[in-house]
Protein chains: 2
Amino acid sequence: MAVTKENLFKDKQKQTARLLKALGHPARVAIVELLAERQSCVCGDITKELPLAQSTISQHLKALKNAGIIKGEVDGPRVCYCLNKETVGELDERICELLDLLQNTTPENKSC
Amino acid sequence: MAVTKENLFKDKQKQTARLLKALGHPARVAIVELLAERQSCVCGDITKELPLAQSTISQHLKALKNAGIIKGEVDGPRVCYCLNKETVGELDERICELLDLLQNTTPENKSC
DNA sequence: TATATTAATCGTAAAATTACGATAAGAAAT
DNA sequence: ATTTCTTATCGTAATTTTACGATTAATATA
């Protein structure tokens, strides 16, 4: 982020941005899609599905975990990831609120 | 992005990520909220509303413009920005598709 | 016990992001 | 014609992001 002024914004704006940023990379979109599609929580299969190195995937997983969007559970030698329903729900709320605002075009509120 | 492998992902994933990334900063969330709230398209009033330097705001506006989320129209000495309804609609579609996928938890698809 | 498997972390490099002040470029007003 | 206002761009610095290979740590398996 570099020389961030993040704290000067509203908590909601910060949290919205945080969640959107976490999904702001095609690899991370692909990961959450994978986690949603697979019945199991999948783990390092992600590495085989995506065209990225194992360490890179691990980094992306960390980013998603830091944002709270996924959680990982150790299962023997491997780690099982799954979506965090709570945070996904929060994302839903935040994004719906935002889209409501962006799309509630009152009669006077015309386009440029 | 650095050494990007973006092109190895699906177009939809790329576009979703692109739009989410554009809104992945509190200042840019604040900007689109401002544009939605104000009846007018506002221009450099944004600079007065947000705790950032004029050049920084200009940069954020550029990011939003590059993603297609806003458009700017020159109006005399100032520039009038407004939301781009088409792209906001596309964002709506993409995010709803994604959230549908993330939240459609079938009976077998339990949490970890 | 030795060896494989799995995933996180470390070190590194290249590029992008965030932020600012200073400057430039445009139009408007004096 | 000059000055003022507004916004974009340039240059710069600090930090973060993306990506990789190599290594480590932990668990299984032979």
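Note that this is a predicted model, so its numbers are computed, not measured. Letters A, B, ... mirror the listed sequences (proteins, then strands); counts begin at 1.
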Rounded to whole Å, please give me the gap between [atom1] in [X] and [atom2] in [N].
{"X": "Arg78(B)", "N": "dT4(D)", "atom1": "CZ", "atom2": "C1'", "value": "12 Å"}
{"X": "Glu49(A)", "N": "dA7(C)", "atom1": "CD", "atom2": "P", "value": "13 Å"}
{"X": "Phe9(A)", "N": "dA19(C)", "atom1": "CZ", "atom2": "C1'", "value": "11 Å"}
{"X": "Leu52(A)", "N": "dT17(D)", "atom1": "CG", "atom2": "C1'", "value": "13 Å"}
{"X": "Ile46(B)", "N": "dT6(D)", "atom1": "CD1", "atom2": "P", "value": "14 Å"}
{"X": "Glu73(B)", "N": "dA8(D)", "atom1": "CD", "atom2": "P", "value": "13 Å"}
{"X": "Leu20(A)", "N": "dT17(D)", "atom1": "CG", "atom2": "P", "value": "15 Å"}

Reckon [X] has a side-chain N or O less than 4.0 Å from the OP1 or OP2 of [N]?
{"X": "Tyr81(A)", "N": "dT6(C)", "value": "no"}
{"X": "Lys21(A)", "N": "dT17(D)", "value": "yes"}
{"X": "Arg28(B)", "N": "dT18(C)", "value": "yes"}

Lys62(B): side-chain hydrogen bond (donor to acceptor under 3.5 Å, both in side chains) partners, not counting sequence neighbours: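 Expected list: none.
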
Parallel, tilted or perpendicular: ring planes of His25(A) versus His60(A), cut at 30 and 60 degrees: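 Answer is tilted, since the angle falls between 30° and 60°.
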
For [Y], is there any backbone N or O sitting under 3.5 Å from a side-chain donor or acceptor partner on [X]?
{"X": "Asn84(A)", "Y": "Lys71(A)", "value": "no"}
{"X": "Thr16(B)", "Y": "Lys12(B)", "value": "yes"}
{"X": "Thr87(A)", "Y": "Gly68(A)", "value": "yes"}
{"X": "Gln103(A)", "Y": "Asp100(A)", "value": "no"}

Exercise: identify the closest heavy-atom pair between Tyr81(B) and Leu35(B):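 So the two residues come closest at O-CD2, 3.6 Å.
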
Shortest non-hydrogen contact between Leu64(A) and Ala22(A), atoms and distance: CD2-O, 3.7 Å

Contacting residues from residues 59-69 of chain A, given that a heavy atom lies under 4.0 angstrom of DNA chain C: Lys62(A)

Nearest listed nucleotide, side chain of Ala53(A), among dG21(D), dA19(C), dT9(C): dG21(D)

Minimum-distance nucleotide (side-chain atoms of Thr56(A) versus dT18(C), dA19(D), dT7(D)):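 So the nucleotide nearest the side chain must be dA19(D).
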
Letter per nucleotide, 5' to 3', of nucleotides 22-28 of chain D [B base touched, S only sugar-phosphate touched, - untouched; heavy atoms, 4.0 Å]: B----SS

